[in-house]
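This report refers to the structure that appears directly beneath it.
For reference, positions follow the sequence shown, starting with 1.
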Amino acid sequence: MTPGKVLQPVLKMKVDELFLCWFSQPATQLTLKDCLRRIKNEEKTEIGNGDSGNSKNERFATKNSDSKQSMLGDIRLPLSFSPPQLSTTLPLSTSSSSRNISNVKGTRRSSGTRVVQAKKEETLPPSLSQTIPTFYFPRGCPKEKVNIDAVIAKIERTFSQFPNERATLDDMGKVAKACECPLYWKGPLFYCAGGERTGYVSVHKFVAMWRKILQTCYDDAAKFVHLLMNPGCNYLVQEDFIPFLQDVVNSHPGLSFLKEASEFHSRYITTVIQRIFYTVNRSWSGKITCNELRKSNFLQNVALLEEEADINQLTEYFSYEHFYVIYCKFWELDTDHDLYIDRKDLARHNDHAISSRMIERIFSGAVTRGRKAQKDGKISYADFVWFLISEEDKKTPTSIEYWFRCMDLDGDGVLSMYELEYFYEEQCQKLDNMAIEPLPFEDCLCQMLDLVKPQYEGKITLHDLKRCKLTNVFFDTFFNTEKYLDREERDQFSMLRDGEGESQELSDWEKYAAEEYDILVAEEAASDQWNDGYEAELNPVDHQKANVLKYQMEKRPFFEMPSHLADVDLDEYDYEEDFE
């Protein structure tokens, strides 16, 4: 800290908190007591060598040392409380007689000087500066038994199998295994070594790149971020995932049918990227750090790509069926097919189930970062991915944060009773139009407070909602009429059973996606039977192909990723041309 700069209140509180934490440790107290004991002994020795004329000062120095020891006893009161120590220190704070004040002050001044001299002469043990080991490892904790030379030798043997010791993207699967990485790290390994410029990677360039990573990155999260990130960055933005996911689309057997409709590659990639940031980027910054990636299960899912031939089994990020449901829902709302929807389009979702006040909040920029929502009143397909997942599963941390941001009108971090009443008013109007008598707000509020059990009276925090197991009931009550009525028809015990058994069953999103995909397949089958005039046996893969080809549209640049949660502007991104 620069001289003269005053600590900010919040920083000063943190420093005080850390100091008190250190000061209250038994080891710290024992060390300080030992230091005070040494100072006291040196004082006595030094004073004892003087003349008898300083007997008064000697007696006061002894008393001063005893008072310091008693003060130390006061500091340790929470650990070992003893009334005699308290009684010896209390008289020090009482007022003495007037005839002794000047003498005491003078004596204390002289003895204080001598005590300071004793402190300067004493040297602290050198072991005190070596007791705190390194505890912060942003690139992973270093592993002691890593033989880098053995790994490099294995990689060189693998490259020797290729012509001129050069590996193409198709060869990188063997190289990834030599690096002890999952198979689908092959794309990032290839591009990080500069393969996109020449179409191949030489053994010398790859070994230099991988040796540097092994020397600086000590776990999978740090290595993966280093492979994908832009130079000079220590985080991942949405565009960084494009080459990696394009390689998955091109080479995974579960997506082989998608090669017939290359214009849909960017749609699928956009969906997967948004799902990655929805789950992994817990800070809502649009930048995935090593720590966020380390805490997520994304890298485990990347490893499962090699083991699972059916891409639809990887429901958290890569499922094609989930992409198909999301894209078809967006396609139904996007009537002019310009890949943007406005307020009226989004209001038609699920037969106008979402209240108009909530629609306004979504377009206000509370949960979107692009300027298009506020400026032009439109949101992109990437924004819709976040909306649909949050709407159909209101129990995940991200969805709770999504709707909390929308309901927090003044942005003060709490939901007041006024804000709850603001959204409930429209619910009452919609119920009146349906000839249903709404519950008075006061009664509804009592039910919701009993449901959430907020920590502070009169306001609901984000922490309160994350502790609640029925946040979907809370949110639906205030802005989703259809789901609110569905909940009202069910008894409270069934809702509690659903909340308790949620960990053992599929998530609400997975249930919704499975049901909607079956409906879409059935509708397509009925359409095929009507058009062809005969009944054919249904094959889900064939229907995926048919549906992909059915929704052919005029080809135009699509990949405008986001606006959502990242300050990126990929206007008119032509994905196929960039990779040719």
Side-chain angles (χ1 to χ4, degrees), residues 146-231 233 236 239-256 258-259 262 265-266 268-269 272-273 276 288 290 293 298-309 311 314 317-318 575-576 578-580:
V146 177
N147 192 341
I148 296 179
D149 293 333
V151 176
I152 296 301
K154 187 177 180 181
I155 294 173
E156 290 175 344
R157 289 194 299 269
T158 303
F159 268 87
S160 65
Q161 304 172 12
F162 309 137
N164 299 323
E165 293 187 338
R166 295 175 176 178
T168 63
L169 182 56
D170 295 335
D171 300 325
M172 290 303 295
K174 297 179 181 179
V175 178
K177 288 303 179 182
C179 296
E180 300 178 356
C181 296
L183 176 63
Y184 284 91
W185 283 40
K186 57 189 179 71
L189 288 170
F190 181 77
Y191 296 120
C192 185
E196 76 278 6
R197 292 188 294 270
T198 59
Y200 61 85
V201 175
S202 65
V203 60
H204 302 291
K205 194 166 186 178
F206 185 86
V207 165
M209 180 271 296
W210 190 243
R211 185 186 293 274
K212 180 181 178 181
I213 290 180
L214 292 179
Q215 292 174 346
T216 57
C217 304
Y218 305 105
D219 63 358
D220 288 344
K223 293 175 184 176
F224 192 82
V225 170
H226 186 92
L227 290 174
L228 267 66
M229 70 183 186
N230 288 319
C233 299
L236 299 178
E239 305 99 310
D240 295 336
F241 287 87
I242 297 174
F244 160 67
L245 292 175
Q246 182 63 49
D247 179 62
V248 173
V249 171
N250 293 337
S251 58
H252 195 279
L255 295 171
S256 58
L258 200 56
K259 294 180 181 179
S262 59
H265 290 187
S266 59
Y268 173 79
I269 290 173
V272 175
I273 288 177
I276 291 172
I288 293 180
C290 289
L293 193 64
F298 175 70
L299 292 181
Q300 291 85 334
N301 276 264
V302 173
L304 289 175
L305 285 170
E306 177 183 359
E307 304 173 7
E308 184 60 65
I311 197 76
L314 305 177
Y317 304 101
F318 301 102
Y575 187 82
E576 297 174 5
D578 283 3
F579 277 88
E580 286 181 353

Fill in: Distance-minimising heavy-atom pair for L183 and G173
CD1-CA, 3.6 Å

Discussion item. So S251 and Y184, do their side chains get closer than 4.5 Å, heavy atoms only?
Written reply: yes

Worksheet entry | Heavy-atom pair of closest approach, residues G195 and V201 | CA-CG2, 3.8 Å

Discussion item. Between N250 and Q246 (side chain of the first, backbone of the second, donor and acceptor by atom type, cut-off under 3.5 Å), is there such a pair?
Written reply: yes

Item to complete: Return the minimal non-hydrogen interatomic distance between V248 and L255, and the atom names on each side.
Response: O-CD1, 4.1 Å

Worksheet entry | SG on C217 to CZ on F224, rounded to 0.5 Å | 13.0 Å

Worksheet item: Taking the six-membered ring for Trp, is the centroid-to-centroid distance between F244 and F190 below 6.0 Å?
Response: no

Worksheet item: What distance separates L314 CG from E307 CD, expressed to the nearest 0.5 Å?
Response: 9.5 Å

Worksheet item: With no hydrogens and no angle check, is any side-chain donor or acceptor of H265 less than 3.5 Å from a backbone partner on L258?
Response: yes

Worksheet item: So I288 and F241, side chain to side chain contact (heavy atoms under 4.5 Å, CB included) or not? Walk me through it.
Response: CA-CA 11 Å; I288 293 180; F241 287 87; 4.1 Å; yes

Worksheet item: Any side-chain heavy-atom pair from L305 and I311 closer than 4.5 angstrom?
Response: yes

Worksheet item: Angle class for the F159/F206 ring planes (parallel below 30°, perpendicular above 60°, tilted otherwise)?
Response: tilted

Discussion item. Is the distance between the ring centroids of F318 and H252 under 6.0 Å?
Written reply: no

Worksheet item: What are the two closest non-hydrogen atoms of L169 and G187, and how far apart are they?
Response: CD1-CA, 4.1 Å

Discussion item. Using side-chain heavy atoms (C-beta onward) and a distance below 4.5 Å, is S202 in contact with F162?
Written reply: no

Worksheet entry | Nearest atoms (heavy-atom pairs only) where C290 meets A222 | SG-CA, 3.8 Å

Discussion item. Quick check on K174: does its NZ atom have over 12 non-hydrogen neighbours (other residues, nucleotides or ligands) under 6.0 Å away?
Written reply: no

Discussion item. I'd like to know whether V151 forms a side chain to side chain contact (heavy atoms under 4.5 Å, CB included) with C179, so could you lay out the CA-CA distance, the side-chain angles of the two residues, the decisive distance to 0.1 Å, and finally the verdict.
Written reply: CA-CA 7 Å; V151 176; C179 296; 5.6 Å; no

Discussion item. Check whether S256 reaches the backbone of P253 with its side chain - one donor and one acceptor, N or O, closer than 3.5 Å.
Written reply: yes

Discussion item. Tell me if a side-chain donor or acceptor on K223 pairs with a main-chain N or O of L214 at a distance below 3.5 Å.
Written reply: no

Discussion item. Applying salt bridge (Lys or Arg N to Asp or Glu O under 4.0 Å) as the test, list every pair that has at least one member in residues 199-219; sequence neighbours left out.
Written reply: D149-R211, D219-R294

Worksheet entry | Where P182 and A176 come nearest, the two heavy atoms and their spacing | O-CB, 3.8 Å

Worksheet, complete the sentence: CD1 of I276 to CD1 of I273, rounded to nearest 0.5 Å, is 6.5 Å

Practice prompt. Starting at CG of L236, measure out to CG of N230 and round the result to the nearest 0.5 Å.
Written response: 9.0 Å

Worksheet, complete the sentence: So CE of M209 and CG of L189: to nearest 0.5 Å the spacing works out to 5.5 Å

Discussion item. Taking salt bridge (Lys or Arg N to Asp or Glu O under 4.0 Å) as the cut-off, I'd like each qualifying pair that reaches into residues 184-196, sequence neighbours left out, listed once.
Written reply: K186-D247

Worksheet item: If you look only at pairs with a residue in residues 151-168, which of them pass as a salt bridge (Lys or Arg N to Asp or Glu O under 4.0 Å), with sequence neighbours excluded?
Response: none

Worksheet item: Where do H204 and V207 land on the side chain to side chain contact (heavy atoms under 4.5 Å, CB included) test, with the steps shown first?
Response: CA-CA 5 Å; H204 302 291; V207 165; 6.0 Å; no

Item to complete: Apply the test side chain to side chain contact (heavy atoms under 4.5 Å, CB included) to residues D220 and W185: give CA-CA distance (whole Å), side-chain angles for both, the deciding distance (0.1 Å), then the verdict.
Response: CA-CA 11 Å; D220 288 344; W185 283 40; 4.1 Å; yes

